[in-house]
Amino acid sequence: KKLNKLEKYFEYLRRKKKVKWAQRPNPFYKIKLPKDNSKGIARQIWTMEDMQKLYLTKTKHYNLELKLLMLLGMIYGCRLEELCQIKKKHVRCIYIAKSKTDIYHKFGRRYLPIVQDLQPIIDRAIENIQSEDYIISVVKTSATKSRGDNLGQRFGNHRVKLGYPRPPKKTFNLDTEVTTKDFHSYRKTVSTNIKQYGLSPKQVSNICGWNNVPKSEEMAENVYNESMKSHPLSERLKTLEQHVASYTFELFGE
């Protein structure tokens, strides 16, 4: 992807701008980068005890916005950035309007039915806000570039305060796999949990979002249409209600 952009930019310099040093064969044409064979960072699943501790223990970083973020994460397994973008207009049935996979295709966008016990909490969250307002309010500071950065830092600090180590920064040349638990671990936890109800990987992606991006948009569209037909909203709601019932602590209390 990056090489393709460089190739196009080089052609722009050569043809449109007539840059002298660019008047030669495109050095980026059909170049293949070596694969990154280094070890990455593997997310571990949160245990029930972990999630209870994070959700019910208050620290100086804990507030109502963080609580709602964790609640939605535990129910739907969405990425943090996907939860940060939810607006009031998206919550008759929660709509993920933009996904990380948009760079390849738009099929990561999805509808998530609101489980019964969550509805009063959503109603309170949207009671005094406008259609274009976010349901999780955030005050950005100079140290945070986006709403996701703000909430991500707050969750990270809350987690560290409760004794969970901060995950290391991923580098290109890690020679050993690093395991950690962070907000993205909710996604892995939910996807692992709902698989036990007999869902196919395609159906799991209808709830948690795409995991492995298909190689072409045509292939993605076929997979998307097939999974939508086989897993309508009523079936997703049934799965999510089962999933919520599996929690051994109170999710919906004050």
Same cluster (ILVMFWY, side-chain, under 4.5 Å), [X] and [Y]:
| X | Y | answer |
| --- | --- | --- |
| Val160 | Phe183 | no |
| Val91 | Tyr134 | no |
| Tyr29 | Leu13 | no |
| Tyr12 | Leu6 | yes |
| Val115 | Tyr197 | yes |

Please report the shortest heavy-atom distance between [X] and [Y], naming the atom on each side.
| X | Y | result |
| --- | --- | --- |
| Val190 | Gly73 | CG2-O, 3.5 Å |
| Val244 | Phe252 | CG1-CE1, 3.5 Å |
| Leu83 | Leu72 | CD2-CB, 3.8 Å |
| Asp182 | Arg43 | OD2-NE, 3.0 Å |
| Arg110 | Cys78 | NH2-SG, 3.6 Å |
| Thr57 | Tyr62 | O-CD1, 3.6 Å |

Margin query: Between Arg14 and Glu11 (salt bridge meaning N to carboxylate O under 4.0 Å), is one present in this structure?
Written below: yes
Do [X] and [Y] have side-chain heavy atoms sitting under 4.5 Å apart?
| X | Y | answer |
| --- | --- | --- |
| Arg109 | Tyr95 | yes |
| Leu251 | Met74 | yes |
| Thr47 | Lys181 | yes |
| Tyr186 | Ile45 | no |

Item checked: Plane angle bin for His158 and Phe155 - parallel if under 30°, tilted between 30 and 60°, otherwise perpendicular ->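 Rings of Phe155 and His158: tilted, as their planes differ by 30° to 60°.
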[X] side chain vs [Y] backbone, donor-acceptor pair below 3.5 Å:
| X | Y | answer |
| --- | --- | --- |
| Ser185 | Gln44 | yes |
| His61 | Gly156 | no |
| Lys195 | Val204 | no |
| Arg24 | Trp21 | yes |
| Tyr164 | Leu54 | no |

Roughly how far, to the nearest 0.5 Å, is the [atom2] atom of [Y] from the [atom1] atom of [X]?
| X | Y | atom1 | atom2 | value |
| --- | --- | --- | --- | --- |
| Met48 | Ser246 | CE | OG | 5.0 Å |
| Ile194 | Leu199 | CD1 | CG | 5.5 Å |
| Leu151 | Glu81 | CG | CD | 10.5 Å |
| Arg187 | Thr192 | CZ | OG1 | 10.5 Å |
| Glu7 | Phe28 | CD | CZ | 9.5 Å |
| Arg236 | Glu241 | CZ | CD | 15.0 Å |

More than 12 foreign heavy atoms under 6.0 Å from [atom1] of [X]: is that the case here?
| X | atom1 | value |
| --- | --- | --- |
| Gln116 | CD | no |
| Phe249 | CZ | yes |
| Gln23 | CD | yes |

Next item on the list: Apply side-chain contact (heavy atoms from CB on, under 4.5 Å) to Glu65 and Leu69, showing your working.
Entry: CA-CA 6 Å; Glu65 289 75 24; Leu69 181 75; over 6 Å; no
Notebook entry, point to check: Do Asn150 and Gln153 get their side chains close enough for a donor-acceptor pair, meaning under 3.5 Å?
Noted result: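 Absent: no donor and acceptor within the cut-off.
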Margin query: Looking only at side-chain N and O atoms, does Tyr111 offer a donor or acceptor that is under 3.5 Å from a partner on Asn206?
Written below: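 Side chains of Asn206 and Tyr111: no pair found under 3.5 Å.
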Margin query: The test is salt bridge (Lys or Arg N to Asp or Glu O under 4.0 Å); show your working for Lys88 and Glu132 and say whether it passes.
Written below: CA-CA 6 Å; Lys88 179 177 180 177; Glu132 291 294 328; over 6 Å; no
Next item on the list: Would you check if the distance from the ring center of Trp46 to the ring center of Tyr55 is below 6.0 Å?
Entry: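 Centroid separation for Trp46 and Tyr55: 6.0 Å or greater.
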Item checked: Derivation of the salt bridge (Lys or Arg N to Asp or Glu O under 4.0 Å) call for Glu235 and Lys238 -> CA-CA 5 Å; Glu235 292 299 316; Lys238 187 185 300 183; 3.7 Å; yes
Margin query: Please determine whether side-chain contact (heavy atoms from CB on, under 4.5 Å) holds for the pair Thr189 and Met51, giving the CA-CA distance in whole Å, both sets of side-chain angles, and the decisive distance to 0.1 Å.
Written below: CA-CA 10 Å; Thr189 304; Met51 291 188 288; 4.0 Å; yes
Item checked: Residues Ile86, Ile96; criterion side-chain contact (heavy atoms from CB on, under 4.5 Å); working and verdict -> CA-CA 7 Å; Ile86 300 174; Ile96 302 302; 4.2 Å; yes
Item checked: Residues which pass side-chain hydrogen bond (donor to acceptor under 3.5 Å, both in side chains) with Asn157, listed by chain and number, not counting sequence neighbours ->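 With neighbours one apart ignored, the set is Arg166.
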